[in-house]
S.K.: 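Quick one: the structure is below, and I'll ask about it shortly.
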Amino acid sequence: MSEAEGPMLGLEDSTAYRSLARTLQYLTFTRPDITYAVQQLCLYMHALQEPHLAAMKRLLRYLYGTLGYELLLDRSSSTELVVYTDAYWAGCPDTRRSTSGYAVFLGGNLISWSSKRQPVVSCSSAEAKYRAVANGVAEAAWLRQLLAELHRPLARSSLVYCDNVSAVYLSTNPVQHQRTKHVEIDLHFVRDHVAIGDVRVLHVPTTSQFADIFTKGLPSSTSAEFRSSLNVTGG
């Protein structure tokens, strides 16, 4: 969606749109498959146009067709923390900012996820993906600390997956290149956690990058496959 696609809507439509958007934000707590769509809809609450309302109606039709779907949490003997991170480089047509997303699994259960537009413009896809990795590592670090405080510390390193080889390489490469100085804080943050053994950043094929569903709109077949991978199922 874009900010300049159609006429501005009236006060009545704008009020109804904002109310629905706030309600949908709560729904993402149990329906992570709509997180990206809701994030996009919320970007235009103060500059509402006809295409945005049409997108809202389309999302509501999708929800009506999947009323029985919900996020399932099953008992698991595994305590491994696995994070999938991704970014859609320069995906915003108005600002050319990238959208980051991550999905965090504990023992096979999805426990945390995010879809968020990055605060600055990234100069390359590797930079955008690395910022997403930093977000995923930060979430993993917080969850590891939380589990330790609950007397359930993790014995193994958390696995952080990214589908960009350059971003994976930067997570362990100690050499600071000139072209990466503008993401220096993220670089050192991730490398510090890799160095102490809290996380390992690994490559994953794009076809198995479940966080992709939090960064962009996907074809129906791919979206359904990733929705199932997130444990969102129903009748």
Side-chain angles (χ1 to χ4, degrees), residues 32-33 35-36 39-40 80-93 95-106 108 110-145 154 156-219 222-223 225-226 229-230:
D33 53 316
T35 300
Y36 171 74
Q39 181 261 346
Q40 288 291 300
E80 187 175 31
L81 196 67
V82 179
V83 186
Y84 292 86
T85 68
D86 197 20
Y88 182 31
W89 180 43
C92 177
T95 65
R96 286 306 171 192
R97 294 181 185 178
S98 306
T99 300
S100 295
Y102 62 72
V104 185
F105 292 84
L106 178 63
L110 181 68
I111 61 170
S112 180
W113 57 92
S114 172
S115 176
K116 186 177 182 180
R117 189 166 65 177
Q118 294 184 358
V120 296
V121 177
S122 296
C123 298
S124 67
S125 59
E127 179 184 332
K129 301 268 186 174
Y130 199 88
R131 292 185 192 277
V133 168
N135 290 339
V137 170
E139 184 70 5
W142 180 80
L143 288 169
R144 291 179 68 91
Q145 180 180 348
L154 299 181
R156 302 176 60 183
S157 300
S158 301
L159 303 180
V160 179
Y161 287 107
C162 175
D163 60 5
N164 186 279
V165 175
S166 297
V168 174
Y169 174 72
L170 286 171
S171 69
T172 56
N173 177 26
V175 178
Q176 183 70 46
H177 296 290
Q178 183 69 30
R179 63 186 178 88
T180 59
K181 284 188 175 179
H182 48 294
V183 287
E184 187 173 356
I185 293 176
D186 286 338
L187 286 169
H188 286 296
F189 173 75
V190 173
R191 288 175 188 165
D192 285 349
H193 282 278
V194 171
I196 63 177
D198 277 354
V199 302
R200 294 171 57 201
V201 181
L202 305 174
H203 181 260
V204 66
T206 302
T207 53
S208 300
Q209 177 52 279
F210 304 140
D212 206 21
I213 198 173
F214 299 123
T215 65
K216 66 174 87 64
L218 299 174
T222 306
S223 179
E225 178 184 351
F226 283 1
S229 299
L230 297 177

S.K.: Between T85 (side chain) and Y161 (backbone), is there a donor-acceptor pair under 3.5 Å?
M.R.: yes
S.K.: Counting only N and O atoms by type, is there a donor-acceptor contact under 3.5 Å from the side chain of Q40 to the main-chain atoms of Y36?
M.R.: no
S.K.: Ring-plane angle category for Y84 and F210, please: parallel below 30°, perpendicular beyond 60°, tilted otherwise.
M.R.: tilted
S.K.: Would you say the side chain of V137 lies within less than 4.5 Å of the side chain of D186, judging by non-hydrogen atoms?
M.R.: no
S.K.: Is there side-chain contact between T35 and W113, with at least one heavy-atom pair below 4.5 Å?
M.R.: yes
S.K.: Please check if any side-chain donor atom of S229 sits under 3.5 Å from a side-chain acceptor atom of E225, or the reverse.
M.R.: no
S.K.: Does G197 offer a backbone N or O that forms a donor-acceptor pair with the side chain of S157 under 3.5 Å?
M.R.: yes
S.K.: Is R96 atom CZ crowded by more than 12 heavy atoms from other residues, nucleotides or ligands, each under 6.0 Å away?
M.R.: yes
S.K.: side-chain contact (heavy atoms from CB on, under 4.5 Å), that's the test. Do D86 and C162 meet it? Break it down for me.
M.R.: CA-CA 6 Å; D86 197 20; C162 175; over 6 Å; no
S.K.: Considering only heavy atoms from C-beta outward, does the side chain of N164 approach that of Y130 to under 4.5 Å?
M.R.: no
S.K.: Within the 4.5 Å heavy-atom criterion, are S114 and F214 side-chain neighbours or not?
M.R.: no
S.K.: For K116, I'd like to know if atom NZ has over 12 heavy atoms of other residues, nucleotides or ligands within 6.0 Å.
M.R.: no
S.K.: Decide side-chain contact (heavy atoms from CB on, under 4.5 Å) for V133 and V190; before the verdict, give the C-alpha distance in whole Å, the side-chain angles of both, and the deciding distance to 0.1 Å.
M.R.: CA-CA 8 Å; V133 168; V190 173; 4.3 Å; yes
S.K.: Please examine the side chains of V82 and V104, heavy atoms only from C-beta on, and report whether any two atoms are closer than 4.5 Å.
M.R.: no
S.K.: Go through V121 and T95 one step at a time and tell me if the side-chain contact (heavy atoms from CB on, under 4.5 Å) criterion holds.
M.R.: CA-CA 8 Å; V121 177; T95 65; 5.7 Å; no
S.K.: Are any of the side-chain heavy atoms of H193 and V160 separated by less than 4.5 Å?
M.R.: no
S.K.: Roughly how far apart are L159 CG and R200 CZ, rounded to 0.5 Å?
M.R.: 6.0 Å
S.K.: Counting distance only, does the side-chain N/O of S171 pair as donor-acceptor with the main-chain N or O of V168 below 3.5 Å?
M.R.: yes
S.K.: Going by the rule salt bridge (Lys or Arg N to Asp or Glu O under 4.0 Å), which residues pair with R144 if we only count those two or more places apart in sequence or in a different chain?
M.R.: D198
S.K.: Counting C-beta onward and ignoring hydrogens, is there a side-chain heavy-atom pair between S98 and R117 closer than 4.5 Å?
M.R.: no
S.K.: Could you tell me whether the side chain of E139 and the main chain of S112 form a donor-acceptor pair under 3.5 Å?
M.R.: no
